[in-house]
K.L.:
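The structure is given below, and queries will be raised subsequently.
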Amino acid sequence: MSSNTPSLEQFAARKLEGLERRHLRRRLVVSDNQPSMKTVRDGRLLTNFCSNDYLGMAHDPAVIAAAQAATERYGAGSGASRLVSGGHPLLFELEARLAAVKGSEDCIVFGSGYLANLAITPALAGPGDLILIDELAHACLHSGAKLSGAETLVFRHNDMTDLEAKLAKHRTTARHTLILTDGVFSMDGDIAPLPQLNRLAEQFDAWLLVDDAHGLGVTGDGQGTAHAFTPPSRAALQMGTLSKALGSYGGYLCASRNVCELLRTRARPLVFTTALPPSAIAGALKALELIEADQERCARPTVLARRFARACGLPEPASPIVPVIIGEEADALAASTALQEAGFLVTAIRPPTVPRGTARLRITFSAAHSESDVDALADQVAPMLNALEAVS
Ligand SMILES: Cc1ncc(COP(=O)(O)O)c(C=O)c1O
C-alpha cells in the first residue's frame, strides 16, 4: 500500500467535505448495461433514460459481431501511436467513410471526442489569436480554447447579434479567429443556427468549429446537424464522437486535406497517444453502415422525445435530449432518486456541467426504448413538473 501524505489527505478531505455540503459531490456507481436500454444498479433492473447510445448500437448484435471479428483479426489493442506502428487498416477505412458522410475532403480519428477537442483548437490557435465560444458549448471545447493560449471571449447562447458584435469589435486585432459551438447542445438539446454561424464566419474570416457529438446518427437523416438545414450548412471544422449514436468510442475531425494533414503532425493528442483498439473502430464502422441503411432508426429517438414532451406539456424538442430544469442541486438529486425508485435511471446534472441554478434531469431517448417505456416515464415526470410549477 502506498503511504499517505498528511497534507495531501487533508487537502482532499476538505475539498470533498465542501463538495458534499453544496450537493456537488459525484460518485461512481456500477451500471451493468443491458440491451433495450436496461441497466442493473444495486441489483435492480432500471430503464436507462440518460445514455447517449441514441440508436442502441452498443448492444446491436451486428456491431458486437464486427467488434469481435476485428479483435480476432487485428488484436485487442493497437500497440502504439498511429504515427509509430498503431495505424491499422480499419482506421483509414473509418476516416474515409466519415469524410463521405460529412462531405469533407478528409478526416482524422482521435482517441475520444474530448481528446479531439484538446487537439484541434490548440493546433490551430495560440497567443495573438481570438476564440469566440458559445457559453453553453461543451466543457472540452472550453478546455481546448484554454489550452491554446488564445484570447477567449464567450458569446451568449445561440445569440448571433452578440457574436457579430464581438467579431466586429475584436476581429481586426486578432491574427486568426475561431468560433466554437456545439451542433446539438449536449445539456439542452437545441440546435446551433449553422447557416448564420457560417455566414458570420465567412464575413469576418473566422474558422467555425462545430462539435456535433450529439448530432451524428440522429439529426439531418443521420448525417448530423449540418444536414438538418437545406442546403446543408457545413462548418470548415466538423468534429464529433464515435461514443454516442455510434455506440463505440473515439472522436473525429472532418475537414480539408491540408487541415487534417497539419493536425496529423501537430496535434499532440494524436501524436503522443496510442491508437484506438481495432474493436472500437470496427464497431463504429458497422454502426455507420446501419445508420445509412435505416433512416427510421435515426429519426426514432427524436420521435420518442417529442412523444414524451407532448405528454408532459414541454416544448417540442429538436433532438433526443429533453432537459427538465429543476434549479437547486439538492432538488435535482431528489427527483433523480424518486425516478430511480420508480424504475428509471435519469442521473441529475449539476454545475459545473450546467450553469448554477439550472440543475436538471437531462432525459435522453434512444431508438431502443419502447413507446411504453416512454409513456411510463412521462407518467412519473408529469406530476413532478406540475409540482415544480406550483411552487414557482
Ligand atoms: C458536445 C460533446 N462534445 C464532446 C464530448 C466528448 O466526447 P467523448 O465522450 O467521445 O470524449 C461530449 C461527451 O460528453 C459531448 O457531449
Side-chain angles (χ1 to χ4, degrees), residues 26 28 31 33 48 50-55 57-58 91 94-95 98 102 107-122 133-147 157-158 178-192 194 197 208-219 224-226 228 235 237-254 267 269-270 273-277 279-281 283-284 287-288 301 317-323 347 349-355 360 362-366:
R26 300 171 187 225
L28 297 174
S31 299
N33 292 338
N48 186 351
C50 54
S51 169
N52 299 313
D53 182 14
Y54 298 117
L55 300 174
M57 292 294 182
L91 270 164
L94 178 63
E95 288 173 342
L98 281 166
K102 292 288 180 179
C107 171
I108 317 176
V109 165
F110 294 92
S112 74
Y114 199 105
L115 280 177
N117 276 332
L118 293 191
I120 300 163
T121 303
I133 182 166
D134 188 290
E135 63 182 331
L136 297 187
H138 191 262
C140 56
L141 279 173
H142 284 275
S143 299
K146 195 165 185 184
L147 198 57
H157 176 52
N158 275 350
L178 269 86
I179 301 171
L180 313 188
T181 183
D182 288 13
V184 173
F185 284 84
S186 59
M187 295 298 132
D188 294 82
D190 56 340
I191 287 181
L194 295 187
L197 282 159
L208 179 62
L209 166 56
V210 175
D211 177 337
D212 208 25
H214 297 274
L216 181 66
V218 295
T219 57
T225 313
L237 303 160
Q238 303 184 76
M239 172 271 161
T241 172
L242 314 178
S243 66
K244 305 196 191 299
L246 301 191
S248 181
Y249 196 68
Y252 65 85
L253 171 70
C254 288
L270 178 90
T273 193
T274 303
L276 279 167
S279 55
I281 299 299
L288 275 176
S319 74
I321 302 166
V322 178
T347 302
I349 306 289
R350 294 165 285 163
T353 309
V354 291
R360 68 193 64 186
R362 170 187 179 266
I363 304 178
T364 52
F365 295 85
S366 167

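Starting from 1, each residue takes its place in the sequence as its number. Read the numbers this way: they start at 1 and go in the same order the structure lists the ligands and their atoms.
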K.L.:
Looking at Tyr114, which atoms of ligand 1 are within less than 4.0 Å of one of its heavy atoms?
P.N.:
6 (C), 7 (O), 8 (P), 11 (O)
K.L.:
Identify the residue among Leu194, Asp182, Leu141, Ile179 that makes a side chain to side chain contact (heavy atoms under 4.5 Å, CB included) with Val210.
P.N.:
Leu194
K.L.:
Within the distance-only criterion (no hydrogens, no angle test), does the side chain of Thr364 pair as donor or acceptor with the backbone N or O of Asn52 below 3.5 angstrom?
P.N.:
no
K.L.:
Asp188 and side chain to side chain donor-acceptor pair (under 3.5 Å): which single residue from Arg362, Arg360, His157 fits?
P.N.:
Arg360
K.L.:
Measure the distance from atom 16 (O) of ligand 1 to every protein heavy atom, then report the residue, atom name and distance (to 0.1 Å) of the closest one.
P.N.:
His214 NE2, 2.6 Å
K.L.:
What about Asp211: any of its N or O atoms under 3.5 Å from an N or O on ligand 1?
P.N.:
yes
K.L.:
When rounded to the nearest 0.5 angstrom, what is the spacing between CG in Leu253 and CG in Leu237?
P.N.:
6.0 Å
K.L.:
For atom 5 (C) of ligand 1, find the nearest protein heavy atom and state the residue, atom name and distance (0.1 Å precision).
P.N.:
His138 CE1, 3.6 Å
K.L.:
Mind checking whether Lys244 has an N or O less than 3.5 Å away from an N or O of ligand 1?
P.N.:
yes
K.L.:
Is a side-chain N or O of Thr219 found less than 3.5 angstrom from the main chain of Ala228, in a donor-acceptor match?
P.N.:
no
K.L.:
To the nearest 0.1 Å, how far is atom 7 (O) of ligand 1 from its closest protein heavy atom, and which atom is that?
P.N.:
Gly113 CA, 3.4 Å
K.L.:
For Thr225 and Asp212, run side-chain hydrogen bond (donor to acceptor under 3.5 Å, both in side chains): C-alpha distance rounded to whole Å, both residues' side-chain angles, the deciding distance at 0.1 Å, then the answer.
P.N.:
CA-CA 7 Å; Thr225 313; Asp212 208 25; 2.3 Å; yes
K.L.:
Are any of the heavy atoms in Cys140 under 4.0 Å away from ligand 1?
P.N.:
yes
K.L.:
To the nearest 0.1 Å, how far is atom 10 (O) of ligand 1 from its closest protein heavy atom, and which atom is that?
P.N.:
Thr241 OG1, 2.7 Å
K.L.:
One pair to check against side-chain contact (heavy atoms from CB on, under 4.5 Å): His214 and Tyr54. What are the steps and the verdict?
P.N.:
CA-CA 9 Å; His214 297 274; Tyr54 298 117; 2.6 Å; yes
K.L.:
Less than 3.5 Å between some nitrogen or oxygen of Tyr249 and one of ligand 1, yes or no?
P.N.:
no
K.L.:
Could you list which atoms of ligand 1 come closer than 4.0 Å to a heavy atom of Ser112?
P.N.:
10 (O), 11 (O)
K.L.:
Looking at Ser243, which atoms of ligand 1 are within less than 4.0 Å of one of its heavy atoms?
P.N.:
8 (P), 9 (O), 10 (O)
K.L.:
Run Glu95 and Val109 through side-chain contact (heavy atoms from CB on, under 4.5 Å) and show every step you take.
P.N.:
CA-CA 6 Å; Glu95 288 173 342; Val109 165; 3.6 Å; yes
K.L.:
Are any of the N or O atoms of Ala213 closer than 3.5 Å to those of ligand 1?
P.N.:
no
